[in-house]
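Starting from 1, each residue takes its place in the sequence as its number.
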Amino acid sequence: MDARQLEIFAAVAEERSFTRAARRLFAAQSTVSAAVRALEGELGAALFNRSTRSVELTGLGESVLADANAALDAMDRIRTVAAPGAEGLRGRVRMGIFTTLGPFELPTLLGRYHREHPLVRLQLVASPAGSTGLLEELRRGRLDVALAALPAGELAGLDPIPLGRSDYVAILPATHPLATRTRVGLAELAAEPFVDTPEGFGNRVFLDRALQAAGLQRAVAAEVADLSAVAAYVAVGLGVAVLPAIVHLPPGVVAVPVADVPAWSYFAVSGPAGRRTAAVQALLALLREQTAG
């Protein structure tokens, strides 16, 4: 096996698709398929369960992926040590992202990083399980850095860089009886149908924990996998929501400060220092500089 085979295997595993992996690697799909088949032939076992709808790792594939990523990271470190000269950093950084970051301009920061380190490959991915899914991918070695909007207790064993925080507000249709209030409590909202993000997303975790602490239950009428889009569904009458105050609001809704919910906090999180390549360290340094500013 060689580094290219491992890189192709890791891309297919991360994308859960031969087609998307080929697109990401700027390779023909036949090349990607052949590389994976060759690797499976050498190992004598399947790395993926393939169907017409999905590509999933086998148990062996899960084990091999962790080692493949470790090998690729080690190769990046070797290249940096062997050739740290004028050309600059090489390697890759795999970063888990989500859309809503308020005043923190992630695209601007990553643009600066790319200009300063043009030979580093940035791979940006999202997770259908939101912040929880991104942290799981980080812990399994599939990401180098992940954004996470979760309570600090969920980040145990990881290295978080605080990016910001925001108070929570209740998002209500403008005609709602509570819309003229200066403040509302969770108990007043719990009987209403809610619009929220899916389970695993940071907003859902924060709010579910607050409701549990207050001994309250609610019904979620609609799940929207984009925090910034939740308020639009409130505007058309599907329910109420509790969101960070930084979220942009469409016409037809009002925001009322809400009690009983800790502030929404978001972080850039990395794993143990010993697993970080020079390229990852450079990105973390830039994140710390940005937040200090």
Please determine whether side-chain contact (heavy atoms from CB on, under 4.5 Å) holds for the pair Ile171 and Val240, giving the CA-CA distance in whole Å, both sets of side-chain angles, and the decisive distance to 0.1 Å. CA-CA 6 Å; Ile171 308 301; Val240 302; over 6 Å; no
What one should report as the nearest heavy-atom pair of Asp159 and Gly271 is CB-O, 4.4 Å
Output the distance between atom CD (Gln217) and atom CG (Asp208), rounded to the nearest 0.5 Å. 11.0 Å
Check whether the side chains of Ser30 and Ser33 place a donor and an acceptor atom closer than 3.5 Å, and report yes or no. no
Arg90 side-chain N/O to Leu119 backbone N/O, donor-acceptor pair under 3.5 Å: no
Heavy atoms only: give me the nearest Pro251-Ala235 pair and the separation to one decimal. O-CB, 3.8 Å
Less than 4.5 Å apart, any side-chain heavy atom of Leu186 and any of Leu207? yes
Report yes if the side chains of Leu178 and Val256 come closer than 4.5 Å at any heavy-atom pair, otherwise no. no
Please evaluate residues Glu7 and Arg121 with respect to the criterion salt bridge (Lys or Arg N to Asp or Glu O under 4.0 Å), reporting the C-alpha separation (whole Å), side-chain torsions for both, the decisive distance (0.1 Å), and the verdict. CA-CA 12 Å; Glu7 184 179 31; Arg121 303 188 310 279; 3.0 Å; yes
Take Leu163 and Leu147 through the side-chain contact (heavy atoms from CB on, under 4.5 Å) test and state the conclusion after the steps. CA-CA 9 Å; Leu163 300 182; Leu147 300 183; 3.8 Å; yes
The reported gap from CZ in Phe9 to CD in Glu14 (rounded to nearest 0.5 angstrom) is 9.5 Å
Are Arg209 and Glu154 within salt-bridge range, i.e. N to O under 4.0 Å? yes
Counting N and O atoms only, with roles assigned by atom type, does the side chain of Thr58 sit under 3.5 Å from a partner on the main chain of Leu47, one being a donor and the other an acceptor? yes
Evaluate the side-chain proximity of Leu287 to Gln290: yes if any heavy-atom separation is below 4.5 Å, no if none is. no
Quick one, Leu150 and Phe267 - any side-chain contact, counting heavy atoms below 4.5 Å? no
Looking at Arg140 and Ala66, what are the two nearest heavy atoms and their distance? O-CB, 4.4 Å
How close do Leu172 and His176 get, counting heavy atoms only, and between which atoms? CB-CB, 4.1 Å
Say you draw a straight line from CD of Glu40 to CD of Gln5; how long is it, rounded to the nearest 0.5 Å? 11.0 Å
Looking at Pro244, is its backbone amide N or carbonyl O close enough to the side chain of Ser166 to form a donor-acceptor pair, meaning the two atoms are under 3.5 Å apart? no
Check whether any side-chain N or O of Asn203 sits under 3.5 Å from a backbone N or O of Trp264 as a donor-acceptor pair, and report yes or no. no
Within a 6.0 Å radius of atom CZ on Phe18, are there more than 12 heavy atoms belonging to other residues, nucleotides or ligands? yes
Can you confirm whether Leu60 sits close enough to Glu62 that some side-chain heavy atom of one is under 4.5 Å from a side-chain heavy atom of the other? no
Quick one: OG on Ser270 to CG on Leu158, what's the gap to the nearest 0.5 Å? 7.5 Å
Among Leu124, Leu143, Val145, the one residue meeting side chain to side chain contact (heavy atoms under 4.5 Å, CB included) with Ile97: Leu124
Taking Ser131 for its side chain and Ala148 for its backbone only, find out whether a donor-acceptor pair lies under 3.5 Å. no
Where do Val93 and Tyr113 land on the side-chain contact (heavy atoms from CB on, under 4.5 Å) test, with the steps shown first? CA-CA 11 Å; Val93 176; Tyr113 180 86; 3.6 Å; yes
Are the side chain of Thr31 and the backbone N or O of Ala27 linked by a donor-acceptor pair below 3.5 Å? no
Less than 4.5 Å apart, side chain to side chain, heavy atoms only: is that true for Phe201 and Phe98? no
Under a 4.0 Å threshold between the charged nitrogen and the carboxylate oxygen, would Arg139 count as salt-bridged to Glu136? no
Looking at Glu223 and Arg204, does any basic side-chain N land under 4.0 Å from a carboxylate oxygen? yes
Residues Val280 and Arg92: closest non-hydrogen pair is CG2-O, 4.5 Å
Heavy-atom distance under 4.5 Å between the side chains of Asp196 and Val230, does that happen here? no
Presence of salt bridge, Glu137 and Arg94, under 4.0 angstrom: no
Might you point out which heavy atoms bring Val254 and Pro173 nearest each other, and give the distance in Å? CG2-O, 4.4 Å
Side-chain contact, heavy-atom cut-off 4.5 Å: Ile161 with Val269? no
So how far is it from Leu122 CG to Met95 CE, rounded to the nearest 0.5 Å? 8.5 Å
I'd like to know if Glu56 pairs up with Arg50 as an ion pair, taking the criterion as any Lys NZ or Arg NE/NH1/NH2 lying under 4.0 Å from an Asp or Glu carboxylate oxygen. no
Do side-chain atoms of Glu42 reach the backbone of Leu39 as a donor and acceptor pair under 3.5 angstrom? no
Let's go through Thr197 and Val224 carefully: what are the C-alpha distance in whole Å and the side-chain angles of both, what is the deciding distance for side-chain contact (heavy atoms from CB on, under 4.5 Å) to 0.1 Å, and is it a yes or a no? CA-CA 5 Å; Thr197 50; Val224 183; 5.8 Å; no
Looking at Asp260 and Arg183, does any basic side-chain N land under 4.0 Å from a carboxylate oxygen? no
Starting at CG of Leu109, measure out to CG of Leu283 and round the result to the nearest 0.5 Å. 6.5 Å
